[in-house]
Amino acid sequence: MIQYERFVLDNGLRVIVHEDHSTPLAVVNVMYDVGARDEDPGATGFAHLFEHLMFGGSINIPEYDDALQIAGGENNAYTTNDLTNYYVQLPAENLETAFWLESDRMLSLAFRKKSLDVQRKVVCEEFKEHYINKPYGDVWHKMRELAYKVHPYRWMTIGKELSHVENATLKDVKHFFFKHYRPVNAILVVSGHVHVEQVKRLAEKWFGPIKTGVKYNRNLPQEPKQTEARLLEVQADVPLDAFYKNWHMAPRLDKGYYTADLIGDILSGGGSSRLYQALVKEKQLFSQVDCYHMGSIEAGLLTIDGKLVKGVKMADAEKAVQEEVEKMKTDLVSEAELEKVKNKTESMIAFEDMTIMNRANSLAMYELLGDAEMMNTELNRYQQVTVEDIKDAANEIFDEANSSTMHYFSRN
């Protein structure tokens, strides 16, 4: 059981404190309830751009990293389609430095043209390097657009088009910041060698004076049920043919999410998994094959993908994948097989929670989902899944009309 205390400042900032006095370190994690799904379809990539801008200087602190390094700390951030997260780890005796830094950039960024120009260039180079020039780099741009027609999951965190970030103005950036990066849309988690009363005092001192902001209420267009299979064929300068197929699955808080997660592990959770044994080891159709999902808050995608062995026909590879999927629909998995993937999940959850940094991130994530206590109850949701649930979910998910497939052919 992870012990924590939760309180809310008058400006709406939710604060969670997790004491762990076995370490000399402290972590300050600030999670904002904004991701790529909250962007204008004509101006995407902003949430990710902000991940970079937030390190470009705040209203009173021109160089974020300098002060942190003097305090012996390290920091990083990440953005997803659902959220943006910033975290700092430093010696606990320097905890107030992290509060000073994080509160100042929540108060306001510097909004300098130079900073925007620099970070915009960095993001554009990242876009080109990872998504335009890299082999298979455009796969998820294409797959998202194929699977989603109205929901904003149809574009990636990096943005739908390079031009959206290239054309971002200071006015656009400022509007996005004050709409989303406010105390009422944020969660502060402090973990490690800290005390609740100490954190309360520092939170009130550094974050308390920041204006609440307007609570952001999401009203996103919901993806209609897919009623016919979709297929996209692509040719590119890549070394091997590749196969991608995904199906819509349940959102994060739905029971079906946990079932789908376990289905993914049954199909491709390591060397003894079904897809590896059948398609890589026995039939030697794929050099690698995986089944995974997006882990998204709203209804996501369960995906099977793999690189074909040179000379294997796409139709043969696809047929073999379909055979494994059909087995999930027609036959009950054994209790032993289900127990095995549940045990693996338990180990992964335990391993992830070993560090104070991961615990802080998890507490913030569960609070964002609606209840930090899920940190202590998540495993029960997996344990409740039955072999009958697996079969029922497989029939619902692996409906061909619910699928989007991409055949990615090598020109070589």
Side-chain angles (χ1 to χ4, degrees), residues 1-34 54-55 58-61 64-65 67-78 83-108 181-213 215 352-377:
M1 290 284 287
I2 302 297
Q3 302 293 325
Y4 63 91
E5 286 206 33
R6 179 188 183 278
F7 58 93
V8 182
L9 299 188
D10 289 343
N11 60 12
L13 180 68
R14 288 167 277 173
V15 185
I16 294 173
V17 187
H18 165 60
E19 295 187 22
D20 181 349
H21 300 290
S22 68
T23 173
L25 301 173
V27 169
V28 174
N29 190 107
V30 181
M31 185 172 286
Y32 291 95
D33 189 6
V34 56
M54 293 283 262
F55 292 98
S58 54
I59 197 161
N60 298 307
I61 304 167
Y64 180 95
D65 284 337
L68 188 61
Q69 285 168 5
I70 291 168
E74 58 182 9
N75 72 93
N76 214 327
Y78 64 87
L83 59 90
T84 307
N85 196 55
Y86 299 87
Y87 50 96
V88 174
Q89 181 169 282
L90 76 177
E93 62 262 30
N94 295 331
L95 178 65
E96 190 160 8
T97 299
F99 273 80
W100 168 58
L101 289 167
E102 288 299 333
S103 65
D104 199 64
R105 60 180 176 183
M106 184 185 288
L107 177 66
S108 179
Y181 295 80
R182 300 291 81 207
V184 74
N185 292 318
I187 297 159
L188 169 67
V189 180
V190 184
S191 65
H193 190 43
V194 299
H195 297 276
V196 173
E197 290 307 315
Q198 170 196 24
V199 172
K200 280 184 177 176
R201 178 178 57 79
L202 290 172
E204 288 286 0
K205 176 182 176 181
W206 290 105
F207 289 94
I210 303 174
K211 289 182 180 177
T212 301
K215 177 66 179 170
E352 285 173 359
D353 293 342
M354 283 180 70
T355 68
I356 55 170
M357 186 175 287
N358 285 355
R359 273 177 251 151
N361 179 74
S362 293
L363 281 165
M365 180 68 204
Y366 290 125
E367 178 65 25
L368 187 74
L369 288 171
D371 184 7
E373 186 55 27
M374 282 178 66
M375 179 97 179
N376 293 317
T377 61

J.: Enter the distance from Leu369:CG to Met374:CE here, rounded to the nearest 0.5 Å.
T.: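 Answer rounded to 0.5 Å: 5.0 Å.
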J.: Give the intermediate values and the outcome of side-chain contact (heavy atoms from CB on, under 4.5 Å) for residues Ser103 and Ile210.
T.: CA-CA 8 Å; Ser103 65; Ile210 303 174; 4.3 Å; yes
J.: Which value, rounded to the nearest 0.5 Å, describes the distance between Phe7 atom CZ and Leu188 atom CG?
T.: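 Rounded to the nearest 0.5 Å, the CZ-CG separation comes to 7.5 Å.
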J.: Closest heavy-atom contact between Leu90 and Leu68?
T.: CD1-CD1, 4.3 Å
J.: Can you check side-chain contact (heavy atoms from CB on, under 4.5 Å) on Asn75 and Phe55, steps first, answer last?
T.: CA-CA 10 Å; Asn75 72 93; Phe55 292 98; 2.6 Å; yes
J.: Please report the interatomic distance CG(Leu363) to CD1(Ile356), rounded to the nearest 0.5 Å.
T.: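 Reported to 0.5 Å precision, the distance equals 12.0 Å.
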J.: Could you tell me whether the side chain of Glu367 reaches within less than 4.5 Å of the side chain of Val189, counting heavy atoms only?
T.: no
J.: Got a donor-acceptor contact below 3.5 angstrom from the Arg182 side chain to the Met106 backbone?
T.: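 Flag set: sc Arg182 to bb Met106 pair under 3.5 Å.
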J.: Which heavy atom of Ala67 sits nearest to which heavy atom of Trp100, and what is that distance?
T.: CB-CZ3, 3.5 Å
J.: Can you list the steps and then say if Val199 with Val15 is a side-chain contact (heavy atoms from CB on, under 4.5 Å)?
T.: CA-CA 9 Å; Val199 172; Val15 185; 4.1 Å; yes
J.: Using atom types as modelled and distance alone, determine if a side-chain donor or acceptor of Asn11 lies under 3.5 Å from a backbone N or O of Phe207.
T.: yes
J.: Going by the angle between their ring planes, with limits at 30° and 60°, are Tyr32 and Tyr86 parallel, tilted or perpendicular?
T.: perpendicular
J.: Which heavy atom in Arg14 sits nearest to a heavy atom in Val184, and how many Å separate them?
T.: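 Looking at all heavy atoms of both residues, the shortest contact is NH2-O, 4.5 Å.
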J.: Measure up the His193 and His21 rings against each other and bin them: parallel (under 30°), tilted (30 to 60°), perpendicular (over 60°).
T.: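 Correct class here is perpendicular.
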J.: So, for Glu352 and Asn358, which heavy atoms are closest and what is the spacing to 0.1 Å?
T.: O-CB, 2.6 Å
J.: What are the two closest heavy atoms between Val196 and Glu19, and how far apart are they?
T.: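 Val196 and Glu19 have their closest heavy atoms at N-OE2, 3.0 Å.
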J.: When rounded to the nearest 0.5 angstrom, what is the spacing between CZ in Arg201 and CD in Gln198?
T.: 6.5 Å
J.: Just wondering, more than 12 heavy atoms not from Glu93 lying within 6.0 Å of its CD?
T.: yes
J.: Looking at Phe99, I'd like to know if the NZ or CZ of Lys205 sits under 6.0 Å from its six-membered ring centre while staying within 45 degrees of the ring's axis.
T.: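 No, Lys205 does not sit over the ring of Phe99.
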J.: Is there a donor in the side chain of Glu102 and an acceptor in the side chain of Tyr64, or the other way round, less than 3.5 Å apart?
T.: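 Their side chains do contain a donor-acceptor pair, which is all the 3.5 Å distance test asks for.
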J.: Which atoms form the tightest heavy-atom contact between Ala26 and Leu95, and what is the distance?
T.: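 That would be CB-CD1, 3.9 Å.
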J.: Donor-acceptor pair, Tyr78 side chain versus Leu83 backbone, under 3.5 Å?
T.: no
J.: Check whether any side-chain heavy atom of Tyr87 sits under 4.5 Å from a side-chain heavy atom of Asn76, and report yes or no.
T.: yes
J.: Could you walk me through whether His18 and Ile2 satisfy the side-chain contact (heavy atoms from CB on, under 4.5 Å) test, starting with their C-alpha distance in whole Å, then the side-chain angles of each, then the deciding distance to 0.1 Å, before giving a yes or no?
T.: CA-CA 8 Å; His18 165 60; Ile2 302 297; 3.7 Å; yes
J.: In Å and rounded to the nearest 0.5 Å, what is the CG to CE distance from Asn361 to Met31?
T.: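 Going from the CG atom of Asn361 to the CE atom of Met31 covers 4.5 Å.
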J.: Is the closest side-chain heavy-atom distance between Asn376 and Tyr4 below 4.5 Å?
T.: yes
J.: May I ask you to test the Val34-Asn185 pair for a side-chain heavy-atom distance under 4.5 Å?
T.: no
J.: Atom OG of Ser362 and atom CG of Asp353: how far apart are they, to the nearest 0.5 Å?
T.: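 With rounding to 0.5 Å, OG (Ser362) is 5.0 Å from CG (Asp353).
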